[in-house]
Amino acid sequence: MASIERTAYPRFKRFMSVRELHVFYTPQPDEIIWAGEAAGSDEHLLALVTQLKVFSRLGYFPVLDEVPAEVVGHIRRDLRLPETTMPVYASTRTAERHRNLVRARSEVVYDPAGARKVAADAIEEAARRKNDPADLINIALERLVEGSYELPAFCTLNDISTTIRARANEEIFATVLARLGNAGIARLERLLVVGAGGKSEFNQLKRPARRPSWSNFRRQLEHQRWVDELGEARAWWQGVPPSKITDFAGEAASADAAVMGYYTLAKRVALLAALVFTAQARARDDTAEMFCRRVGTLTKRSRDELEALKQQHQEITERLVTNYRAVLERIDPGGPAAAEEQAALHAARTAVATAGGFAAQYNDIDKVTAHHGDNHVPLVARHFRNDRAAMLAMAGALGLEATSADRSVLDLLEHVREHAGLTRDYIPDHIVPGDQAGTPQPGEHGKPPIRVFGTSFASENWNRAIRDRAHPGMFVRRHLEACVLTYLAEELRTGDVAVDGAQSYASWADQLISVERCAQLLPAFCAEVGCPAMRGVSGRRCTPSWPRSAPRPTRATPATPTW
């Protein structure tokens, strides 16, 4: 049974404030006059007014004994009745007559059978896309309020939702079972078999990802391959809303192999299939998350190394400045050693030799200038060296897709993976497209067209690192790999690149409703929020049907519920 606290079913609060009593339970003068004409005693007057105010607040008639004492006391004081007056009826016929008077004054529809049918139709429609009983009851309440029906008892709505939900789930379970076939059912049933170590594959299916270490990279890839070998879960659940699958998987994850054995075959297999579906998505999410976190860790190491190098190079910089000043003093035309050109040149060379020689000075200068301008990019490739093979394997196992027209990073990733087995330092920055057999096709002028990879997504520092002036038309392979993996992690975080079959890293475009579905829902939405009706939907834009002379509304006013 669904908990009433998790639904929108109206009920009395445990503690009522003075403001709430004043706003919702204070009888108005016309209501007092109306009740005085219908009631024949103080008790009946108090009972009638109490039912009127309570019904306007809740939408149904609770038992008078269940009305909080503070509500009865507040109404009694406003009616100026003695403290000993209680809201009671001498007969059930009088009580029913008063309830009919309240219904007529509130203009509600008292049709228990009709209300149950409206609730059942609403739940029947929602049960195909929602699984939580509280959600189903809330949808039924919304439809009942829209139709101005007197609300049925909560247990009635709960029974309706339980029956319809069970029937809808049984239909889904039967569909999944048929799609699995006998071989698929047997494979999922084997997940519950407890092995020699007291553990089953069912426990392995629920395991979370490990931290992004070198050894766990390979284990994560092995786990993803194992989960994928269980079957094509997306085909099993095609057409079933993700919220239903998530609820089924959550029920399976909260149980163990022994508890799953008590379920019927259809429910047990369907719950296992739902858990496999979410495990496959979670495995891809965990792989992508592990990849992104590892890239962040390695990038941070390169930045830390840059800071350490800056501190180490500070002493070299000071020594270079001192040596350069000695050279300047000897070749300065106005200096003491400039009397003769040869003597000045000899003195300058002597100063360089005293500082360690030309080779040592050039080496010091290269060390300082290599990381000038807070540029950590040249250091990244060295930190990626140990994880390079595993990270390229993870990127290849994810099934990446671009969420926009820009595929620069993914194209370069494919180019890098094609050359991953080579040991050369440089790879071409272009390819010659060919036919299916790989044979280049001639272009307009008889020469095959050349496709140059774009690197506009990378920063200026990265573009300098992946190029070498001595090798035009080529990429520096190790820097290119680090660049592509770094920007792939960034685009995974920002959603520019998605993982096929994942959940957290899925394409955001898949969550959008179609234009046709938007056109179907738009009229009801406009009516609910009070906006003018739309003429239609064209592409991504909707044109309001306001007359040209009519003023445009500044804000939509939400509709006020009946209760």
Any donor-acceptor pair under 3.5 Å linking the side-chain atoms of [Y] with those of [X]?
| X | Y | answer |
| --- | --- | --- |
| His44 | Thr94 | no |
| Thr494 | Asp496 | yes |
| Glu96 | Tyr89 | no |
| Asn100 | Arg97 | no |
| Asn169 | Lys244 | yes |
| Glu20 | Tyr25 | no |

Run the numbers on Trp34 and Leu101 for side chain to side chain contact (heavy atoms under 4.5 Å, CB included), then give the verdict.
CA-CA 10 Å; Trp34 169 82; Leu101 291 174; 3.7 Å; yes

Which atoms form the tightest heavy-atom contact between [X] and [Y], and what is the distance?
| X | Y | answer |
| --- | --- | --- |
| Val176 | Ala270 | CG1-CA, 4.5 Å |
| Leu400 | Ala395 | CD1-O, 3.8 Å |
| Ala506 | Ala502 | CB-O, 3.4 Å |
| Leu191 | Ser200 | O-CB, 3.4 Å |
| Leu21 | Glu70 | CD2-O, 4.1 Å |

Contacts of type salt bridge (charged side-chain N to carboxylate O under 4.0 Å, His left out), residue Glu170, not counting sequence neighbours
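Scan of Glu170 (salt bridge (charged side-chain N to carboxylate O under 4.0 Å, His left out), adjacent residues dropped) gives none.
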
Stepwise, does the salt bridge (Lys or Arg N to Asp or Glu O under 4.0 Å) test hold for Arg234 with Asp500?
CA-CA 11 Å; Arg234 283 191 288 178; Asp500 183 32; 2.9 Å; yes

Heavy atoms of other groups near [X] [atom1], more than 12 under 6.0 Å:
| X | atom1 | result |
| --- | --- | --- |
| Glu124 | CD | yes |
| Glu107 | CD | no |
| Asn182 | CG | no |

Does NZ or CZ of Arg268 fall inside the cone over Tyr263's six-membered ring, less than 6.0 Å from its centre and within 45° of the axis?
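No - Arg268 does not lie over the ring of Tyr263 by the 6.0 Å and 45° rule.
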
Would you please name every residue forming a side chain to side chain donor-acceptor pair (under 3.5 Å) with Asp256, sequence neighbours left out?
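Listed in chain order: nothing, the list is empty.
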
Going by an N to O cut-off under 4.0 Å, is there a salt bridge joining Glu201 and Arg190?
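No.
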
Please determine whether a side-chain nitrogen of the Lys or Arg among Lys267 and Glu251 lies less than 4.0 Å from a carboxylate oxygen of the Asp or Glu.
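Salt bridge present between Lys267 and Glu251.
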
Does the separation of the ring centres of Tyr60 and Tyr9 fall below 6.0 angstrom?
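Yes.
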
Phe248 ring center near Phe277 ring center (under 6.0 Å)
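They do not qualify: ring centres at least 6.0 Å apart.
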
